[in-house]
Structure formats: structure tokens, C-alpha cells
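Structure first, then comments.
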Amino acid sequence: MLPAPNRLRERSEFASAIRSPGAMRAGSRILVVHANVTDSRAGLPPRVGFVVSKAVGNAVVRNRTKRRLRAAIASELAGIPAGVDVVVRAQPAAAKATFAELSESLKPLLHKVIRRFEVAR
């Protein structure tokens, strides 16, 4: 479980991370990682949210996928700069992926979007 200050909860927060100007995206066959930085969040802890739609599978599969993604992102949380909102969206192929495959797919995508923010600044 992620600490409360590190969780995206509201629909508007997810939309802001995905659709706002300046939002970055990197994707693979298994996952898509969206990220955004806003001036109003400067200095605040990074927040993470997960989108696992019904296309991934039934409730059991979706919840298992979210648990695995939460565990994978928890180890990477220290590397996310302050003020960044991240949304991890699972593709249908994530249903059959193991924890190791999800983790291996997540790390480079996360680092890719974070690097883009550092270059843009």
C-alpha cells in the first residue's frame, strides 16, 4: 500500500496528470506511464495512480494487476521528483504478465518520463 500523500484519488487529478499541457507519456506493450508537473504541487511529495480497465480482465485479474503495480512503484517512489503526478495505465497484456515482467516494464518507462521533465526544465 502506498502512503496516503503519495496517492492520486480524484478523477480531476488523474485527468490533470494525463491530459494537461506539459504532460509526458511513455508506453510499451504492457504499460503506459503518464506524468505531469504543476507549479501548484512544487515541493509536495510525488503522487501515483493506477488505471486498470475491464479490458485487462475480470475483477480478480484487475486487482492482482493493481497490487503488483503498487508493489513495483513503491520501490521506485524515492526516485520520483517532488511535485510529479504519475498515472500507470495497464494494457490488456498486463493480465498475463508476472510481477517481474511488470516491474521490468515499469522502471524504464518511469525513468523515461522523469528524464523528459529534467530536460524540459
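Smallest separation of non-hydrogen atoms from Ala94 and Leu102: CB-CD2, 4.0 Å. Here the closest heavy-atom approach between residue Arg9 and residue Ala4 is recorded as NH2-CB, 3.3 Å. Pairing each heavy atom of Pro45 with each of Asn6, the nearest pair is CB-ND2, 3.7 Å. In plain terms, the two heavy atoms of Ala26 and Arg116 that are nearest each other are N-NH1, 4.4 Å.
Separation of atoms CZ (Arg19) and OG (Ser12) is listed at 12.0 Å; rounding is to 0.5 Å. Remark: Arg64 CZ to Phe99 CZ distance equals 14.0 Å, nearest 0.5 Å. With rounding to the nearest 0.5 Å, the separation of CZ in Arg89 from NE2 in His34 is 4.0 Å. Put simply, CD on Gln91 and OG on Ser53 are 8.5 Å apart, with the number rounded to the nearest 0.5 Å. Distance check: Arg47 CZ to Glu10 CD gives 9.5 Å after rounding to the nearest 0.5 Å.
If you run side-chain contact (heavy atoms from CB on, under 4.5 Å) between Ser105 and each of Val88, Leu110, Val33, Leu31, only Leu31 comes through.
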Distance-only donor-acceptor hits, side chain of residues 65-83, under 3.5 Å, sequence neighbours excluded:
residue, atom, partner, partner atom, Å
Thr65, OG1, Val61, O, 2.8
Arg68, NH1, Ala97, O, 2.9
Ser75, OG, Ala72, O, 2.9
Glu76, OE1, His111, NE2, 3.4

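Counting heavy atoms from C-beta outward, Pro46 and Asp85 have side chains that stay 4.5 Å or more apart. Taking 4.5 Å as the limit, every side-chain heavy atom of Val113 sits out of range of all side-chain heavy atoms of Arg25.
Through chains of ILVMFWY side-chain contacts below 4.5 Å, Val87 is grouped with Leu8, Phe14, Ile18, Val51.
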